[in-house]
Amino acid sequence: MHVLILGGTTEARRLAETLTARAPQLRVTTSLAGRVTAPRLPPGEVRVGGFGGAGGLAVWLRAHRVDALVDATHPFARTISAHAAEAAAGTGVPLLAVRRPGWVPEEGDDWHEVGSLAEAAGLLPALGRRVFLTTGRTGLAAFAHLDAIRFLVRSVDAPEAPYPRHMEFVLDRGPFTLDGERELLRRHRIDVLVTKDSGGAATAAKLRAAREAGLPVVVVRRPPLPEGVRCAAGPDEAAHWLLTHGR
């Protein structure tokens, strides 16, 4: 059985680890987009780069005799998820998505939920002037026109232009500690946090730090999965499905 994991997330890496440990007879290939300079490589086979759309992915699935496809990409990787659904439907290869549960506001939170980065940018002038932007290194063009706001941008790799004129960036990779997030907000005098609803514990400490500081948080809602795609909440559930139903 050959399993192709569309990866780049902690869940994808842990799924590859679980499958290779529990079922060493499986052939497990993880595909990485190649956007991160030094990714943490999972066990098994690894390929780097795109497929050339849904058609290219379908060709790859057939050529490499893939028996099950797992979309364990970032919850906001809308394009590759759509391509995975189309390629799976066209080839008859079973598809499973892995999505960590989204964050839920708690008592004391001041959340402003939006549907896009552009909508988030539209809210900022009324919320503050020193913004901690944790939406990744791409998509910063949505905020580039906000010259009256100072941004602190955190990402694994250097941000991509165009980006805001008044911007400082921090290169770092989670998990992040609560004490570290508290200090970052204090040192940079942050008065607004902007984040995507990525879910998971690795980057959730910023939400608690913002709650403690009484800061507004702009939360970009995650896009829905393509219609009809089966979803697992984590790598253990995904591994169980693959080993019992994915053949």
Side-chain angles (χ1 to χ4, degrees), residues 6 8-11 33 35 53-54 71-86 95 97-156 159-164 167 169 174 181 185 190-211 213-233:
L6 305 178
T9 61
T10 300
E11 287 76 17
R35 295 178 180 174
D71 173 13
T73 57
H74 192 276
F76 283 82
R78 184 195 295 261
T79 299
I80 185 60
S81 294
H83 290 171
E86 184 178 341
L95 170 64
V98 181
R99 292 293 185 271
R100 67 190 79 148
W103 291 317
V104 178
E106 300 182 15
E107 184 177 354
D109 281 328
D110 179 15
W111 281 20
H112 303 258
E113 295 191 37
V114 296
S116 67
L117 293 178
E119 192 177 341
L123 289 183
L124 291 182
L127 295 177
R129 289 294 182 268
R130 302 186 71 89
V131 175
F132 183 25
L133 192 56
T134 64
T135 56
R137 69 190 180 103
T138 61
L140 297 181
F143 305 90
H145 64 288
L146 297 174
D147 291 341
I149 294 177
R150 293 188 174 274
F151 290 88
L152 175 67
V153 176
R154 182 169 65 193
S155 60
V156 176
E160 295 182 357
Y163 41 67
M167 185 190 75
F169 62 87
E181 300 292 64
L185 296 181
I190 298 299
D191 55 17
V192 186
L193 168 66
V194 180
T195 186
K196 292 178 177 178
D197 179 18
S198 301
T203 60
K206 62 190 174 188
L207 299 174
R208 179 174 172 184
R211 183 187 315 127
L215 303 183
V217 180
V218 180
V219 181
V220 183
R221 293 185 295 269
R222 60 175 63 177
L225 282 171
E227 187 175 354
V229 174
R230 180 190 301 270
C231 185

Asks: Less than 3.5 Å apart, any donor N or O on the side chain of S81 or R99 sitting next to an acceptor on the other?
Replies: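 Present: a donor and an acceptor within the cut-off.
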Asks: Calculate, to the nearest 0.5 Å, the distance between atoms CG and CZ belonging to L193 and R130 respectively.
Replies: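 Going from CG on L193 over to CZ on R130, the span is 15.0 Å.
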Asks: Assess whether atom CZ of R150 is packed by more than 12 heavy atoms of other residues, nucleotides or ligands within 6.0 Å.
Replies: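 Atom CZ in R150 is not crowded, with 12 or fewer foreign heavy atoms closer than 6.0 Å.
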Asks: Does the side chain of L117 reach to within under 4.5 Å of the side chain of K196, using non-hydrogen atoms?
Replies: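 With C-beta onward as the side chain, the pair touches.
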Asks: How close do V220 and A120 get, counting heavy atoms only, and between which atoms?
Replies: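 For V220 and A120, the tightest heavy-atom pair comes out as CG2-CB, 4.4 Å.
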Asks: About how many Å separate CG of L133 and OH of Y163, when rounded to the nearest 0.5 Å?
Replies: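 Nearest 0.5 Å value for the OH-CG distance: 13.5 Å.
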Asks: So do the side chains of T195 and L207 get within less than 4.5 Å of each other, counting heavy atoms only?
Replies: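 Yes, side chains in contact.
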Asks: Of all heavy-atom pairs between V104 and W111, which one has the smallest distance, and what is that distance?
Replies: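 Closest pair (atom of V104, atom of W111, distance): C-CH2, 3.7 Å.
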Asks: Is there side-chain contact between D110 and L215, with at least one heavy-atom pair below 4.5 Å?
Replies: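 No, every pair of side-chain atoms sits at 4.5 Å or beyond.
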Asks: Please report the closest heavy-atom contact between R222 and G102, naming both atoms and the distance.
Replies: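 Nearest heavy atoms, R222 then G102: NH2-CA, 3.5 Å.
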Asks: Would you mind reporting whether L124 and F151 have side-chain heavy atoms less than 4.5 Å apart?
Replies: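 Of all side-chain heavy-atom pairs linking L124 with F151, at least one is under 4.5 Å.
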Asks: CD/E113 to CG/L123 distance, rounded to the nearest 0.5 angstrom?
Replies: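 E113 CD to L123 CG: 11.5 Å, rounded to 0.5 Å.
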Asks: Taking C-beta and beyond as the side chain, do D191 and R129 meet within less than 4.5 Å on heavy atoms?
Replies: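 A side-chain contact exists here, since the closest heavy-atom pair is under 4.5 Å.
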Asks: Scan L152, I190, V192 and name whichever one has a side-chain contact (heavy atoms from CB on, under 4.5 Å) with V131.
Replies: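 So the option named by the test is V192.
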Asks: Using a strict 4.0 Å threshold on nitrogen-to-oxygen distance, state whether D197 and R221 make a salt bridge.
Replies: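 No salt bridge links D197 with R221.
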Asks: So which heavy atom on V229 is nearest to which on A97, and how close?
Replies: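 Smallest interatomic distance, heavy atoms only, reads CG1-CB, 3.8 Å.
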Asks: Roughly how far apart are E11 CD and H74 NE2, rounded to 0.5 Å?
Replies: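 Nearest 0.5 Å value for the CD-NE2 distance: 9.5 Å.
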Asks: What closest approach, in Å, do P75 and S198 show between heavy atoms, and which atom pair accounts for it?
Replies: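 Nearest pair, atom of P75 first, then S198: CG-O, 3.7 Å.
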Asks: What is the distance from atom CG of L6 to atom CG of L95, rounded to the nearest 0.5 Å?
Replies: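 CG of L95 is found 8.0 Å from CG of L6.
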Asks: Do K206 and E181 meet the salt-bridge criterion of a basic N to acidic O distance under 4.0 Å?
Replies: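 Here E181 does not pair with K206 in a salt bridge, since their nearest N and O are not under 4.0 Å apart.
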Asks: Within the supplied structure, the quantity of interest is the number of heavy atoms (other residues, nucleotides, ligands) at a distance under 6.0 Å from F76 CZ; does it exceed 12?
Replies: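 Enclosed: over 12 neighbouring heavy atoms sit under 6.0 Å from CZ of F76.
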Asks: Search all heavy atoms of I80 against all heavy atoms of A77 and return the closest pair with its distance.
Replies: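 Scanning both residues completely, I find the closest heavy atoms to be CG2-O, 3.3 Å.
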Asks: Assess whether side chain to side chain contact (heavy atoms under 4.5 Å, CB included) is satisfied between L127 and V218, documenting all intermediate values.
Replies: CA-CA 9 Å; L127 295 177; V218 180; 3.6 Å; yes
Asks: Under a 3.5 Å distance rule, please check whether T134 uses its side chain to pair with a backbone N or O of V194 as donor and acceptor.
Replies: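 At least one qualifying donor-acceptor pair exists.
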Asks: Kindly determine whether V153 and F143 satisfy side chain to side chain contact (heavy atoms under 4.5 Å, CB included), including the steps that lead there.
Replies: CA-CA 11 Å; V153 176; F143 305 90; over 6 Å; no
